[in-house]
Colleague: 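Got a structure for you, written out below as structure tokens; questions coming shortly.
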Amino acid sequence: MRMTRLAFKTQREAPADAEAVSHQLLVRAGYIRRLASGVYSFLPLGFRVLTKLSEIVRAELDAGGAQELLLPALHPIEMWQQTGRLDTMSDVLMTVEAKGGTFVLGPTHEEAVIATITPDLESYRDLPVTVYQIQTKFRDEARPRFGLMRTREFIMADAYSFDASAVGMKDSYTQMYKACVNIFDRLGLPYVPVEADSGAIGGDVNHEFMVPSPIGEDHFAQCGGCGYAANIEAAKRGEARRIPSDSPVLEMKTHATPGAASIKDVVEFFRSEGYEIDESSVMKTLAFKDVRDDVVLILVPGDREVRVPSGLTPLSDADFDSNSFLFKGFMGPMGMQDQGVRVLADYSIYERQSWFTGANLEDHHVSNAVLGRDFTVDEVGSFAIVSEGDPCPNCGNVLSLVRSAEVGHTFQLGLAYSNKIPSATFKAEDGTDQKFWMGCYGIGVSRLPAAIAEHFHDENGLRWPKSVAPYQLEILTITPARSPEVVAFADGVYEDLTSLGIEVLYDDRDLGPGVKFADADLIGIPTIVTIGQRGLANGVVEVKDRFSGERTEVGVPDLVSYLSKL
RNA sequence: CGGGGAGUAGCGCAGUUUGGUAGCGCACCUGCUUUGGGAGCAGGGGGUCGGGGGUUCAAGUCCCCCCUCCCCGACCA
């Protein structure tokens with residue numbers, strides 16, 4: 001492509017709304033342009049990157065045995081009512097009123113793919129099948145961020161597997177998991193598969209593919225010892241070292257703490273009374289109910305957050321009213337088993353001998369509550385969100401937290417969707433109707449350019465890996481307007497390389513050399529070939545590797561064969 | 001949804017305090033010069049100053065309402 005014909009323009013300054021480096025560079029280099037908050041156009045250069053990414057995804061999913069299809073973005077709203085996700089995902093759903101009724105703009109395609117493909121899956125003989133689509137999806141994000149990282153309209157590759165059994169589902173999962181590994185390997189991005197929480201998609205076993213990144217919106221915990229890695233929402237910690245209890249412990253004492261309903265208030269109150277106390281010395285007691293509506297208390301130190309186990313929901317105000325022994329803001333574990341309440345404590349309960357906590361009496365707290373003496377717990381486990389430095393649940397080494405961007409997510413859905421869609425059945429070998437065992441596998445295609453740009457850029461601009469670069473090679477001419485021989489030679493090289501099937505971007509613009517060098521660095525094509533009078537006079541051309549910055553002088557006669565072998 | 005900030009040419013910004021012909025840099029157009037790391041001179045084009053209402057002889061500037069965008073948080077296939 002001759003740059004004089006390319007619809008693009010670089011900008012010296014990034015728009016003020018671009019915060020992330022990747023966002024700034026992608027806009028400045030002419031890859032993307034914002035149309036609305038969280039809505040981006042891909043300009044010709046950007047679209048070529050997107051196409052490269054799609055092709056890699058397509059090739060690896062095909063190799064993994066999946067078949068591509070295309071699903072609508074418009075989903076009849078009834079489908080979403082049937083699975084209950086009209087409610088559970090209402091925060092992000094966008095709808096369209098049309099003549100035929102109301103449609104959901106698909107944020108993900110489980111409903112649509114089941115309706116589309118299961119009529120062809122009538123028998124166990126038809127299984128297993130994995131299908132996928134690469135297309136635009138819509139999520140009405142509360143806060144679009146970081147350019148392409150989180151947008152309201154985005155492109156995803158989603159594969160869906162259908163199996164006759166749990167064992168089959170696991171096989172399909174393994175296949176697609178490998179396909180994801182292959183895809184991210186080809187991108188050259190450092191990624192970490194982590195154990196994850198399944199969120200609104202549902203299902204059981206699942207993994208996220210994380211790329212450590214300063215503009216990531218997730219964190220995962222990683223163990224340097226055994227390789228354990230899990231999303232912070234799912235990560236567990238190991239048991240803490242117990243503090244030896246050789247110092248004298250005072251008796252538990254009740255204090256009037258009027259109005260001190262928060263950890264902060266409690267700390268402030270006891271400090272003003274002369275006690276040595278900080279947030280970590282207060283036992284935070286939070287109340288939940290389980291699926292049978294029984295009350296469950298979870299204890300964590302005041303400076304930590306509870307990681308709510310699945311199946312538990314926080315108590316509403318009405319729940320507090322109907323459980324008169326619970327005083328919101330003044331709860332503690334003492335005597336709770338007598339009320340039929342299960343008490344769960346995080347391992348960090350072993351980190352201190354005695355605690356400040358609620359007295360189970362309006363406007364009162366206690367000091368010196370001691371586990372085993374003043375209260376007991378039903379279970380000690382990992383109930384707090386992990387922090388930097390917590391012990392690994394597998395090997396006890398130290399966990400560290402890594403900021404990261406989620407670029408892929410694979411789920412074993414099991415029967416989660418089949419159960420909600422009665423018509424989604426096949427005939428089993430014994431003639432009975434059976435439900436599909438499903439899996440789903442997503443890759444955030446339009447998010448990848450941001451992740452890649454963020455990881456590979458340098459101070460001069462973008463640096464694309466060869467696998468996704470919009471062009472493999474850029475030819476740049478110096479002072480073309482005054483040197484016909486430069487133009488003639490460069491034209492020839494451009495023609496030769498193009499006819500060899502190499503994707504070449506040819507900067508034939510009549511601009512100062514400084515501008516052209518700067519643009520080449522900004523655009524980030526992997527190999528930059530500089531053709532100028534000075535070099536030609538010596539019979540050489542300069543070839544620069546954008547990644548290493550290394551420049552090589554190549555003799556004119558060898559140039560095309562040299563370049564075609566890069 | 002809570003807190004903070006911002007909307008003036010394609011991009012970056014000044015002008016708003018104290019109302020009086022809408023400016024600068026980049027980009028764009030014309031000409032000349034220049035040319036191996038973001039050139040110079042001269043000339044030129046481009047604006048619903050986010051929108052609506054109000055005050056005033058006069059509003060980018062003052063008042064009221066609304067919209068949009070960005071950052072932190074909440075939320076998050």
Side-chain angles (χ1 to χ4, degrees), chain A residues 8-20 23-24 27-30 33-39 43 80 83 85 88-94 104-111 137-147 149-152 154-158 160 196-203 206 208 215-218 231-233 305 405-411 413 440-444 447 460-461 476-483 486 509-522 528 530-538 540-542 544 549 551 553:
Chain A
F8 107 122
K9 194 131 304 188
T10 55
Q11 284 174 204
R12 199 178 293 214
E13 289 180 277
D17 61 18
E19 182 79 2
H23 185 193
Q24 295 176 355
V27 171
R28 283 187 51 212
R33 182 161 291 137
R34 195 182 73 88
L35 212 54
S37 178
V39 181
L43 298 166
W80 285 79
T83 56
R85 293 209 295 178
T88 57
M89 289 184 70
S90 61
D91 284 355
V92 298
L93 292 184
M94 292 196 250
V104 169
L105 286 175
T108 173
H109 283 63
E110 283 80 6
E111 285 83 355
K137 312 210 174 190
F138 301 85
R139 304 191 62 214
D140 196 5
E141 292 289 353
R143 172 134 99 96
R145 245 191 278 221
F146 298 133
M149 273 316 277
R150 182 206 284 246
T151 54
R152 295 193 293 174
F154 55 95
I155 296 173
M156 280 207 53
D158 262 323
Y160 302 94
D197 191 63
S198 56
I201 288 277
N206 72 100
E208 285 171 331
I215 59 166
E217 302 189 274
D218 291 290
N231 187 304
I232 184 127
E233 290 164 12
E305 296 296 318
E406 177 191 351
V407 291
H409 201 156
T410 55
F411 300 82
L413 297 175
C440 95
Y441 319 92
I443 292 167
R447 170 181 281 187
N460 295 320
L476 176 163
T477 50
I478 304 290
T479 66
R482 56 155 52 182
S483 5
V486 164
R509 298 174 300 173
D510 180 23
L511 291 174
V515 176
K516 298 177 80 165
F517 285 130
D519 273 355
D521 284 344
L522 179 60
I528 300 164
T530 302
I531 297 175
Q533 267 181 312
R534 205 173 70 189
L536 287 187
N538 297 324
V540 296
V541 166
E542 180 190 290
K544 174 177 156 185
R551 296 157 203 246
E553 295 210 324

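Values in this document were obtained by computation on a predicted structure and should not be read as measured data. Chain letters run A, B, ... following the sequence lines, proteins first and then strands; every chain starts at 1.
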Colleague: Considering heavy-atom distances to RNA chain B, does Ala18(A) or Asp91(A) have its closest nucleotide positioned more toward the 5' end?
Modeller: Ala18(A)

Colleague: Dump every N/O contact between nucleotides 11-16 of chain B and the protein below 3.5 Å, one line per pair.
Modeller:
{"residue": "C11(B)", "atom": "O2'", "partner": "Glu13(A)", "partner atom": "O", "Å": "3.2"}
{"residue": "G12(B)", "atom": "OP1", "partner": "Ala16(A)", "partner atom": "N", "Å": "2.5"}
{"residue": "G12(B)", "atom": "O2'", "partner": "Glu13(A)", "partner atom": "OE2", "Å": "2.8"}

Colleague: Of the listed nucleotides (G38(B), C76(B), U35(B)), which one gets closest to any side-chain atom of Arg28(A)?
Modeller: G38(B)

Colleague: Can you sort out the partners of Glu13(A) under salt bridge (Lys or Arg N to Asp or Glu O under 4.0 Å), two or more places apart, ordered by chain and number?
Modeller: none

Colleague: Would you classify Thr479(A) as touching base, sugar-phosphate or nothing, given that sugar-phosphate means primed atoms plus P, OP1 and OP2, and contacts are heavy atoms under 4.0 Å?
Modeller: base

Colleague: Looking only at N and O atoms, is any donor in the side chain of Glu542(A) or the base of G36(B) less than 3.5 Å from an acceptor on the other one?
Modeller: yes

Colleague: Output all residues satisfying salt bridge (Lys or Arg N to Asp or Glu O under 4.0 Å) with Arg34(A), sequence neighbours left out; order by chain, then residue number.
Modeller: Asp17(A)

Colleague: Determine, step by step, whether Phe138(A) and Val39(A) satisfy the side chain to side chain contact (heavy atoms under 4.5 Å, CB included) criterion, reporting the C-alpha distance in whole Å, the side-chain angles of both residues, the deciding distance to 0.1 Å, and the verdict.
Modeller: CA-CA 10 Å; Phe138(A) 301 85; Val39(A) 181; over 6 Å; no

Colleague: Starting at the 5' end of RNA chain B, which residue's closest nucleotide do you reach first, Gly442(A) or Arg482(A)?
Modeller: Arg482(A)

Colleague: Applying salt bridge (Lys or Arg N to Asp or Glu O under 4.0 Å), name anything that partners Arg33(A), two or more places apart in sequence or on another chain.
Modeller: none

Colleague: Arg152(A): which residues meet the salt bridge (Lys or Arg N to Asp or Glu O under 4.0 Å) condition with it, sequence neighbours left out?
Modeller: Asp140(A)

Colleague: Check the interface with nucleotides 4-6 of chain B: list each N/O to N/O pair with the protein under 3.5 Å, or write none.
Modeller:
none

